[in-house]
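As the structure lists them, so they are numbered: ligands from 1, and atoms in each ligand from 1.
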Amino acid sequence: MTSFNIALNFEDGVTRFVECKAGEKVLDAAFRARINLPMDCSDGVCGTCKCRAESGRYDLGDEYIDDALTEDEKDSGLVLTCQMIPESDCVIAVPASSTACKTGQSTFAATVTKIEPHNDAAVVLELDVDAAAPVFLAGQYGNIDVPGSGQHRSYSFSSAPGETKISFLIKKIPGGVMSTWLESAQAGHKVELTGPLGSFYLRAVERPLLFLAGGTGLAPFLSMLEVLARAESQQKVHLIYGVTRDLDLVQVEAIEAFTAKLPNFTFSTVVADAASAHPRKGWVTQHMPAESFNDGDVDVYLCGPPPMVDAVRKHFDDNGVKPNSFHYEKFTPNAAPVTA
Ligand code: FES
């Protein structure tokens, strides 16, 4: 029997996935998974179960009343989970915390399989999850417990969902908790991971995409590009990857490989260091071709440090660029990412 994978994104950043059988309502599928989504009547009358469907196809049902879900709300993507019957995989934003819905993050035990330094600037950490492959949306992150420290650090998945082998691109920070552990970590060491988390993830691809990566903010885009490649996407995708120093440019071969897998994928790199011999020096905002905005018919995704996010927003404002959507994740070392 057909079933669909439904991602429930809670307002505290936790994502849980539930299997929804053909013809099953989302509220019932969540309940089977012991997740108590907000509800009262379960009859399409009260509107308490209102959520936002961010992607996917579905039948809204016809047994609810206008007071519970108005035409305008319906047109803006709101749904009643007690009535909604998915017709494909869907992503649903739930306006409640995971704890209020009596659920929380999933925890995964994993084994280190590879630690690969890149230019002394970053490390690719590859883990093999001991049980089932973690399910996440391309772009999301997980918290890795740093063994022996009692602390965790947040990193975006750089691998695509659905694999037991998962990877992360980790910025090397001298004296940093994770960087210090990585210096002595070896294949076979055990770590624990919680997640997935975050509202920075690839939405339905319906128009050209502009990806803006700052430093190891490249990681979520590697995951997104792999998802697009697997879907044989024909959509235009342009990635601008900006770093501070030449040696911070890592994984360029991995990006280059996507030009063979995605027919309409292009990318450029930018180095800020004035002493660099790189052909494109300066900031990402100085190397954004006007055509990449596609007259505003573009979805923009940005992952980078806060000054980069602010600079890009200012650039858009100064140049009258109004993209169809702008999703960003600000990250700073030692802090959980902030998404919008
Ligand atoms: Fe009342 Fe869905 S629970 S409308």
Excluding waters, which protein N, O or S atoms are within less than 2.8 Å of atom 1 (Fe) of ligand 1?
Cys41 SG, Cys46 SG

Per side chain to side chain contact (heavy atoms under 4.5 Å, CB included), Val237 is matched among Leu228, Asp299, Leu210, Asn264 by Leu228

Result for side chain to side chain contact (heavy atoms under 4.5 Å, CB included) between Ser98 and one of Thr15, Val14, Leu197 points to Val14

Before we go on, tell me: are the rings of Phe168 and Phe157 under 6.0 Å apart, centre to centre?
yes

Looking only at atom types and distance, does a side-chain atom of Lys50 sit under 3.5 Å from a main-chain N or O of Ala68, one as donor and one as acceptor?
yes

Cationic N near anionic O, under 4.0 Å, Asp28 to Lys25
no

Phe293 and Phe316: aromatic ring centres closer than 6.0 Å?
yes

